[in-house]
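Here is the structure we will look at.
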2 protein chains.
Amino acid sequence: MKEKYVNQANPNVSVDCVVFGFDGSDLKVLLVQRDLRDNLDIDDDTLVLPGDLINDDEDLDEAASRILKGLTGIKNIFLEQIGAFGSPKRLLKKRDQVWLNAIRILPNARVITIGYFALVNIKNYKTKPAGFAKHVLWQDYNTVEELGFDHNVILNSAISVLRDKLYREPVGFQLLGKEFSLHQLYTLYNEIMGGDIDRRNFRRKMLKTGFLKETENYQEGVPHKPARLYTFAKKKFDNVSKANFKFY
Amino acid sequence: MKEKYVNQANPNVSVDCVVFGFDGSDLKVLLVQRDLRDNLDIDDDTLVLPGDLINDDEDLDEAASRILKGLTGIKNIFLEQIGAFGSPKRLLKKRDQVWLNAIRILPNARVITIGYFALVNIKNYKTKPAGFAKHVLWQDYNTVEELGFDHNVILNSAISVLRDKLYREPVGFQLLGKEFSLHQLYTLYNEIMGGDIDRRNFRRKMLKTGFLKETENYQEGVPHKPARLYTFAKKKFDNVSKANFKFY
DNA sequence: AAACTTAGTGTAAAATTTACACTTTGAAAA
DNA sequence: TTTTCAAAGTGTAAATTTTACACTAAGTTT
C-alpha cells in the first residue's frame with residue numbers, strides 16, 4: 001500500500017477565480033492572457049481564468065483573495081469556493097502542456113485546481129496585470145470561447161452556481177453599486193437568469209424580502225425620475241427561510 | 001515570481017468521503033480507524049473519514065469511487081463533490097502530524113483534501129477494512145465526536161449539503177432500498193431535517209412530485225397493512241423546476 | 001373484545017404566485 | 001409647443017400552493 005505513493009509526485013495545486021461583473025446591461029467575466037516572459041518564442045495568446053499556485057503557508061481562501069487583490073486591488077468581496085477540478089495530466093491539451101513546460105515549475109506533476117467565484121461591481125475597481133498575466137480584461141460572458149486548461153469547465157460550473165445562488169440568496173446585490181434602482185436590479189436578474197421576468201411582480205416580491213432599504217430621497221406615491229434608489233439592507237439570512245428569489 | 005514556487009513542495013492531495021447511510025430510524029456515517037501497521041508503538045485510535053491520497057492517473061471522482069469501492073464494494077452510487085479543504089500544515093493537530101510522520105509518505109508537504117459525499121442504503125452492503133483502515137464502522141451521526149485532521153469540518157459541510165439537497169432534489173431515495181413505504185421516506189426526512197413535518201402534507205406533496213411509482217400491489221382506497229410500497233421513478237429533473245421538497 | 005397504532009383520504013382557511021391594467025412623470029419627437 | 005412615448009410606480013383578481021387540522025378503516029396488542 002505504502003509503496004505506491006512513493007513513486008508519484010504530488011500534484012500542483014492552483015486556485016483559479018471566476019470573477020463576475022455587471023456593467024448595467026451585460027454579465028462580464030474577468031479573464032487574463034498568459035504571459036510567458038522570457039519564453040517569447042512561444043506564441044500563445046490563450047485566455048485563462050486568473051489563478052496561481054497556492055502558497056505553502058496560506059489557506060485556500062487566502063490564496064483566492066490574494067489573486068483577486070493582485071488583479072483588482074479588491075479586498076473583502078463576495079468570494080466562494082465552487083469546488084476542485086483536475087483531470088490526469090495525460091488529458092491536458094498540448095498547448096497547455098507546452099505552456100507548463102515553458103515556465104518550468106511543474107516538471108512531472110499534474111495540476112489540480114480549486115475554483116472560486118466572486119462577484120464585483122465593475123465600476124468600482126481598476127484592473128491591472130499581475131503575476132503571469134499579460135493582460136486583464138472584462139469579457140462579455142456570452143462571447144467567451146475556448147479557454148486554456150479546463151477553464152471552460154470551471155466557468156460553466158461557476159455560472160450555474162451563480163444562477164442557483166441568485167434564486168436562493170440575496171447575492172445579486174454584490175454586482176451593483178452601493179445605491180441602485182429596482183430597474184437595475186431587475187435588469188441584472190433578467191440578464192443572468194436569461195429569463196423574462198414580470199417587471200411588476202419582481203418589484204413587489206423583491207421589496208417584500210426585506211433586503212432593500214430606501215435611500216433618503218424616498219417619497220411615497222410619487223413616480224420618480226430618475227428612479228428611486230435603494231441600498232442592500234443586510235439582515236440575518238436564514239438558509240431555510242422563506243426568502244424566495246424565484247421569479248416567473 | 002517564478003522563484004517562489006521552486007522552493008516549496010507540492011501539497012499532498014487526498015480524497016475523503018462522507019458516506020451517509022440510513023438504517024430505518026437513524027442517520028449514520030461511515031468512519032474508519034487509522035491503522036499504523038508496523039508502527040504499533042504509536043497508540044492512535046482516532047476516527048477519520050475514509051480517504052486516500054489521489055493517484056497520479058485518476059480523476060478526482062474516480063478516486064472517490066475507488067475508496068468507496070474498497071470499503072463497501074459499492075459501485076455506481078450517488079457520489080458528489082462538496083469542495084476542497086486544507087489549512088497550512090502548521091495548523092495541524094499534533095496527533096495528526098505524528099501520524100503523518102509515522103507513515104512516512106508526506107515528509108514536508110501539507111495535505112489538501114477534496115471532500116465527497118455519498119448516500120447508500122446500509123442494508124445493501126457489507127463493509128470491510130481496506131487501505132489504512134483498521135476498522136470500518138457505521139456511526140450514528142448524532143454521536144460523532146472529534147475526528148482526525150479537519151474531518152469534522154468536512155463532515156459539517158457534508159451534512160449541510162445533504163440537508164440543502166434534500167430540500168431541493170429527489171435525493172433521499174438513495175438512502176432507502178429499491179422499494180419503500182411512504183412512512184420510511186417520511187421517517188428519513190424527519191430524521192435528517194431534524195424537523196417536525198406534518199405526516200399528511202408530506203404524503204400528498206411527495207406524491208405530487210411525480211417521483212414515486214406504485215408497485216404492483218397497489219389498490220386505490222384501501223388502507224394497506226403493511227404499507228403500500230413505492231419505487232423511485234426517475235424522471236428528468238429540471239433544476240429550476242417546481243418540484244419542491246420543502247415540508248413545514 | 002377493547003384500545004391502540006398505522007395507513008390512508010379529505011377539506012377549508014391562509015398565503016403566495018401569476019397575469020394582467022392603469023396612472024403619472026419626464027424626455028423625445030413632431 | 002404640442003404630441004407621443006417610455007420609465008416608474010401602484011393595484012387587483014384568479015389560480016395555485018401551503019398549512020393546519022379531522023376523520024375512517026384495517027390490523028395489532030392487551
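Here is how names work: the chains are called A, B, and so on, in the same order as the sequence lines, proteins then strands, and each is numbered from 1.
Per the geometry, CZ belonging to B:Arg203 stands 18 Å off P belonging to D:dT18, to the nearest Å. Between A:Phe180 atom CZ and D:dA8 atom P there is a gap of 15 Å when expressed in whole angstrom units. Distance CG (A:Asp198) to P (C:dC20): 9 Å, rounded to an integer number of Å. The interatomic distance linking B:Met206 (CE) with D:dT17 (P) rounds to 16 Å, in whole Å. Separating the CD1 atom of A:Ile197 from the C1' atom of C:dA19 is a distance of 15 Å, rounded to the nearest angstrom. Between A:Leu207 atom CG and D:dA8 atom C1' there is a gap of 12 Å when expressed in whole angstrom units. Atom CZ in B:Phe202 sits roughly 15 Å away from atom C1' in C:dG8 (whole-Å rounding).
Tested against B:Phe232, the residues B:Phe173, B:Phe78, B:Phe180 include a single ring pair (Phe, Tyr, Trp, His ring centres under 6.0 Å) partner, B:Phe173.
Here the shortest heavy-atom pairing between A:Ala233 and A:Lys213 reads CB-CB, 3.9 Å.
For the pair B:Met193/B:Tyr167, a side-chain contact is recorded, criterion being any heavy-atom separation below 4.5 Å from C-beta on.
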Please list, pair by pair, any protein nitrogen or oxygen found under 3.5 Å from a nitrogen or oxygen in nucleotides 10-12 of chain C.
| residue | atom | partner | partner atom | Å |
| --- | --- | --- | --- | --- |
| C:dT11 | O4 | B:Arg204 | NH2 | 3.2 |

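A cation-pi geometry, defined here as NZ or CZ lying under 6.0 Å from the six-membered ring centre and within 45° of its normal, does not hold between B:Arg199 and B:Tyr189.
For B:Arg228, a side-chain nitrogen or oxygen approaches OP1 or OP2 of C:dG8 to under 4.0 Å. Between B:His183 and the phosphate of C:dA7, there is a side-chain N or O to OP1/OP2 separation shorter than 4.0 Å. Regarding contacts with the backbone of C:dT16, every side-chain N or O of A:Lys205 stays at 4.0 angstrom or more from both OP1 and OP2. Residue A:Arg199 places none of its side-chain N or O atoms closer than 4.0 Å to OP1 or OP2 of C:dA21.
Taking B:Asp59 as the reference, nothing meets the salt bridge (Lys or Arg N to Asp or Glu O under 4.0 Å) condition, with sequence neighbours excluded. Here A:Tyr186 pairs with A:Phe202 under the ring-ring contact (aromatic ring centres under 6.0 Å, His included) rule; sequence neighbours left out.
The side chain of B:Lys208 approaches D:dT17 more closely than any other nucleotide in the set D:dT17, D:dG9, C:dG8.
Remark: B:Leu60 CG to B:Tyr116 OH distance equals 4.5 Å, nearest 0.5 Å.
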